[in-house]
Structure formats: structure tokens, C-alpha cells
Amino acid sequence: MIQRRSHSHFDSIQIAYRAEELIGAASNRYKITVQVANRAKKRHRYESDNIDDPSIKPVMRAIIEMSDELTQPEILGE
């Protein structure tokens with residue numbers, strides 16, 4: 001069973017590592033950067049009233065989610 005961490009326990013080193021992981025897996029750095037920004041923007045716009053942990057910025061949350069989707073495909077239901 002995969003043990004999931006609460007998003008509030010991520011530090012800047014882990015966020016940087018996950019961002020590098022995303023960039024390394026992408027075929028185009030620009031496109032993955034835009035995808036992260038768009039996800040963060042949507043999350044911020046539509047879920048600003050219902051935030052689980054306000055200490056995590058939308059961009060950091062988007063990086064965490066996208067890296068989870070990359071490393072744990074079962075999250076996507078494949």
C-alpha cells in the first residue's frame with residue numbers, strides 16, 4: 001500500500017525535486033511550465049474558497065499533484 005503524505009508536509013527541497021522530475025519527464029520544458037501555471041490558475045480561481053491548506057501556494061500544489069500523477073499512474077485510474 002502506498003503511503004500518502006499530507007501536502008502540508010512538503011518543504012521547498014521536495015517541491016524543487018518534484019518540479020525537476022516533471023521537467024525531466026516532459027518533452028518540452030515550456031509546455032510543462034504552462035501546464036503547471038494553468039492548473040495553478042484554475043485551482044486558485046475555482047477553489048479559493050475551499051482550500052485544504054492555505055499555507056501551500058497554488059503553484060506548489062499543482063507541482064505536487066502533477067508529479068504524483070507522473071509517478072503514481074494509479075491515481076489517474078489507469
Side-chain angles (χ1 to χ4, degrees):
M1 176 177 236
I2 296 174
Q3 193 174 41
R4 306 254 315 149
R5 284 186 154 188
S6 170
H7 292 311
S8 63
H9 296 292
F10 287 96
D11 62 11
S12 60
I13 294 171
Q14 290 172 327
I15 298 295
Y17 175 75
R18 286 173 173 256
E20 284 297 320
E21 202 173 44
L22 280 174
I23 289 171
S27 61
N28 185 325
R29 291 178 141 197
Y30 175 77
K31 284 184 180 181
I32 195 71
T33 302
V34 170
Q35 287 176 350
V36 169
N38 285 337
R39 182 177 287 204
K41 184 178 178 181
K42 286 178 187 176
R43 177 175 278 292
H44 179 69
R45 183 181 298 151
Y46 297 116
E47 296 181 5
S48 61
D49 297 334
N50 187 17
I51 297 176
D52 297 331
D53 187 1
S55 66
I56 297 180
K57 305 287 186 200
V59 171
M60 292 174 23
R61 188 180 311 267
I63 290 170
I64 292 168
E65 290 174 356
M66 290 178 75
S67 68
D68 282 348
E69 292 168 4
L70 178 69
T71 59
Q72 300 171 7
E74 66 272 5
I75 292 174
L76 298 175
E78 294 182 346

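Please read all numbers here as calculations on a predicted model, not as lab measurements. The analysis underlying the following values was restricted to heavy atoms, covering all of them including side chains, and did not include hydrogens, waters or symmetry mates.
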Tell me which donor-acceptor pairs under 3.5 Å the side chains of residues 26-33 have, and how far apart each pair is, sequence neighbours excluded?
residue: Asn28; atom: OD1; partner: Tyr30; partner atom: N; Å: 2.9
residue: Asn28; atom: OD1; partner: Lys31; partner atom: N; Å: 3.3
residue: Thr33; atom: OG1; partner: Arg29; partner atom: O; Å: 2.8

Query - SB check Glu69 Arg39 (cutoff 4.0 Å) - result: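 Result for this pair is yes, salt bridge flagged.
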
Requested in this report: Give a yes or no on whether Leu70 and Ile23 share a hydrophobic cluster (residues Ile, Leu, Val, Met, Phe, Trp, Tyr; joining criterion: side-chain heavy atoms under 4.5 Å apart).
Outcome: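 Yes; Ile23 is reachable from Leu70 via cluster members.
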
**Report entry** Rounded distance (nearest 0.5 Å) linking atom CZ of Arg18 with atom CD of Glu21
**Finding:**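 Taking CZ in Arg18 and CD in Glu21, the distance rounds to 7.0 Å.
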
Requested in this report: Give, for atom CZ of Arg61 and atom CD1 of Ile15, the distance between the pair rounded to the nearest 0.5 Å.
Outcome: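 Arg61 CZ to Ile15 CD1: 10.0 Å, rounded to 0.5 Å.
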
**Report entry** With sequence neighbours excluded, residues passing side chain to side chain contact (heavy atoms under 4.5 Å, CB included) with Glu20
**Finding:**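 Residues passing side chain to side chain contact (heavy atoms under 4.5 Å, CB included) with Glu20: none at all.
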
Requested in this report: List in chain and number order the residues that pass side chain to side chain contact (heavy atoms under 4.5 Å, CB included) with Val36, two or more places apart in sequence or in another chain; answer none if no residue qualifies.
Outcome: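 In terms of side chain to side chain contact (heavy atoms under 4.5 Å, CB included), with neighbours along the sequence ignored, Val36 is linked to Leu22, Val59, Ala62, Ile63, Met66.
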
Query raised in the report: Would you say the side chain of Gln35 lies within less than 4.5 Å of the side chain of Asn38, judging by non-hydrogen atoms?
Result: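 No - every pair of side-chain heavy atoms lies 4.5 Å or more apart.
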
